[in-house]
Student: 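Below is one structure. I have some questions about it.
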Amino acid sequence: MPKTNWKRDVSYAGQSILGFCLVLYTAFCALPILLVIISAFTAEKVITTTGFTYFPAEWSLSGMNAVLRFGEQLRVSYAVTIFVTVAGTLFGLFVMSMFAYSLSRREFPLRKFFSIYLLIPMLFSGGQLSNYMVFTSTYHMKDNMLLLILPLCVTTMNVIILRTFIANSIPEELMDAARIDGAGEYRTFFQITLPLMKPSLAAVGFMMATGYWNDWQNAYLYIETNAKKPLQLLLINIQKSIEMMLNNKNIPSAVLQAMGGTIPQYSATMATVIVVIGPVIIAYPFFQKYFIKGLTVGSVKG
């Protein structure tokens, strides 16, 4: 057998084995998500008697109905969460990209000072109690939607990723040429640097959006009005209402009949998971290539 054919066969066999391993790994990652989806539409009595299974003996919409019966509030909470996620992500990317650009300029006189200033919150924190006292007593921002945006909009690690991307991926000569042509720092940033930062912005933006989408603690501490209640806090309240019904022995029969005869504790829990992760799963494929490229390029050098 010629040497070139032997190498080609070995390479093909190796790629086939690697592909099989990746498919197997993907299946292992997808099976838990599939189980959640199936369990959300499984009858509660089946889960209670036989446990979670991929092949339930009876299907039911009681779990999903228990979540969807908060119809109007669910729509309001979805709108609040989408607004907070989009506004917080865009505002955070805008601030952090300018911050990262300033730190990447060696001629910036306050570069060392702001680098140390950036690292201090990463190493030291006043704690949740001090944050609560400052936001409510000093700033008087109780029940303010800004408290769902501002605490998460700037993080040290995201600024470092953006700064590293600028330093490693955008040629210094390009910025020098812009300055020679008369461009100031703002024009250099907005017309040259910012458009070239799309991969890193997409990667950091997706992580920020996921953090905003899954955040419940700030809403639990500061939000009181139903019109400002985000999705995560609503789902916590749904779980609490189901637990309250489980502990209440005097539930009207009409309510039980509407729920299929039993209170859908487990299926409703899985339905809430679907409501939460559904939009994230749909959005992830559109950001995947930028997410991988931005993190890879931004972590080559420190």
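Atom set for the values below is all heavy atoms of this structure, side chains included, hydrogens, waters and symmetry mates excluded.
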Student: Linking I/L/V/M/F/W/Y whenever their side-chain heavy atoms sit closer than 4.5 Å, directly or via other members, would Phe114 and Tyr186 fall into one cluster?
Tutor: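 Yes, Phe114 and Tyr186 fall within the same hydrophobic cluster.
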
Student: Taking CZ in Phe99 as the centre, count heavy atoms belonging to other residues, nucleotides or ligands within less than 6.0 Å. Is the count above 12?
Tutor: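 Yes.
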
Student: By salt bridge (Lys or Arg N to Asp or Glu O under 4.0 Å), which residues pair with Glu107, not counting sequence neighbours?
Tutor: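 Once residues adjacent in sequence are excluded, the partners of Glu107 under the salt bridge (Lys or Arg N to Asp or Glu O under 4.0 Å) criterion are Arg179.
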
Student: Going by atom types alone, do Gln239 and Thr269 pair a side-chain donor with an acceptor below 3.5 Å?
Tutor: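 Present: a donor and an acceptor within the cut-off.
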
Student: Give a yes or no on whether Leu234 and Ile274 share a hydrophobic cluster (residues Ile, Leu, Val, Met, Phe, Trp, Tyr; joining criterion: side-chain heavy atoms under 4.5 Å apart).
Tutor: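 In one cluster: yes.
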
Student: Do the side chain of Asn131 and the main chain of Gly127 share a donor and acceptor less than 3.5 angstrom apart?
Tutor: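 Present.
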
Student: Please give me the minimum heavy-atom distance between Ala268 and Val67, naming the atom from each residue.
Tutor: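 Looking at all heavy atoms of both residues, the shortest contact is O-CG2, 3.8 Å.
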
Student: Keeping Ser39 on the side-chain end and Val36 on the backbone end, is there a donor-acceptor pair under 3.5 Å?
Tutor: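 Checked: no pair found.
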
Student: Any heavy-atom pair between the side chains of Thr42 and Ser60 that's under 4.5 Å?
Tutor: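 No, their side chains stay 4.5 Å or more apart.
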
Student: Between the side chain of Thr225 and the main-chain N/O of Ala227, is any donor-acceptor distance below 3.5 Å?
Tutor: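 No; judged by distance alone, with no hydrogens or angles, the pair does not exist.
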
Student: Any side-chain donor paired with an acceptor under 3.5 Å for Gln232 and Tyr220?
Tutor: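 Not at all, the side chains of Gln232 and Tyr220 share no donor-acceptor pair under 3.5 Å.
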
Student: Give the C-alpha distance, both sets of side-chain angles, the deciding distance and a yes or no for side chain to side chain donor-acceptor pair (under 3.5 Å) between Ser62 and Asn65.
Tutor: CA-CA 5 Å; Ser62 59; Asn65 289 334; over 6 Å; no

Student: Would you say CZ of Phe190 has more than 12 non-hydrogen atoms from neighbouring residues, nucleotides or ligands within 6.0 angstrom?
Tutor: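 Yes, the 6.0 Å shell around CZ holds more than 12 heavy atoms from other groups.
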
Student: Where is the tightest heavy-atom contact between Val80 and Lys229, given as atom of each residue plus distance?
Tutor: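 Looking at all heavy atoms of both residues, the shortest contact is CB-O, 4.0 Å.
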
Student: Parallel, tilted or perpendicular: which one describes the rings of Tyr117 and Phe113, with boundaries at 30° and 60°?
Tutor: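 Ring orientation of Tyr117 relative to Phe113: parallel.
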
Student: Looking only at non-hydrogen atoms, find the nearest pair between Ile161 and Val204 and report the distance.
Tutor: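 The answer is CG2-CG2, 4.0 Å.
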
Student: Using every non-hydrogen atom in the two residues, find where Val46 and Ala57 come nearest and quote the distance to one decimal.
Tutor: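 Heavy atoms of Val46 and Ala57 come nearest at CG1-N, 4.1 Å.
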
Student: Please determine which of Leu152, Ile149, Leu146, Thr89 meets the side-chain contact (heavy atoms from CB on, under 4.5 Å) test together with Val84.
Tutor: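 Going through the options one by one, the only one that passes is Ile149.
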
Student: Tell me whether Phe94 at atom CZ has more than 12 heavy atoms from other residues, nucleotides or ligands lying less than 6.0 Å away.
Tutor: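 Count not over threshold, so no.
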
Student: Can a donor-acceptor pair be found between the side chains of Lys228 and Tyr222 at a distance below 3.5 Å?
Tutor: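 On atom types as modelled, these side chains do not qualify, holding no pair under 3.5 Å.
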
Student: What are the two closest non-hydrogen atoms of Arg106 and Arg111, and how far apart are they?
Tutor: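 Closest pair (atom of Arg106, atom of Arg111, distance): CG-NH1, 3.4 Å.
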
Student: Would you check if Arg105 and Glu172 make a side-chain contact, meaning some heavy-atom pair closer than 4.5 Å?
Tutor: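 In contact.
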
Student: Please report the shortest heavy-atom distance between Pro56 and Ile38, naming the atom on each side.
Tutor: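 The pair with the smallest heavy-atom distance is CD-CG2, 3.8 Å.
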
Student: Give the ring-plane orientation class for Tyr266 versus Phe52, where under 30° counts as parallel, over 60° as perpendicular and anything between as tilted.
Tutor: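 Perpendicular, since the angle between the ring planes exceeds 60°.
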
Student: Can you confirm whether more than 12 heavy atoms, excluding those of Tyr25, are under 6.0 Å from its OH atom?
Tutor: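 No - once you tally the heavy atoms of other residues, nucleotides and ligands closer than 6.0 Å, there are 12 at most.
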
Student: For Leu231, is there any backbone N or O sitting under 3.5 Å from a side-chain donor or acceptor partner on Thr81?
Tutor: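 Flag set: sc Thr81 to bb Leu231 pair under 3.5 Å.
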
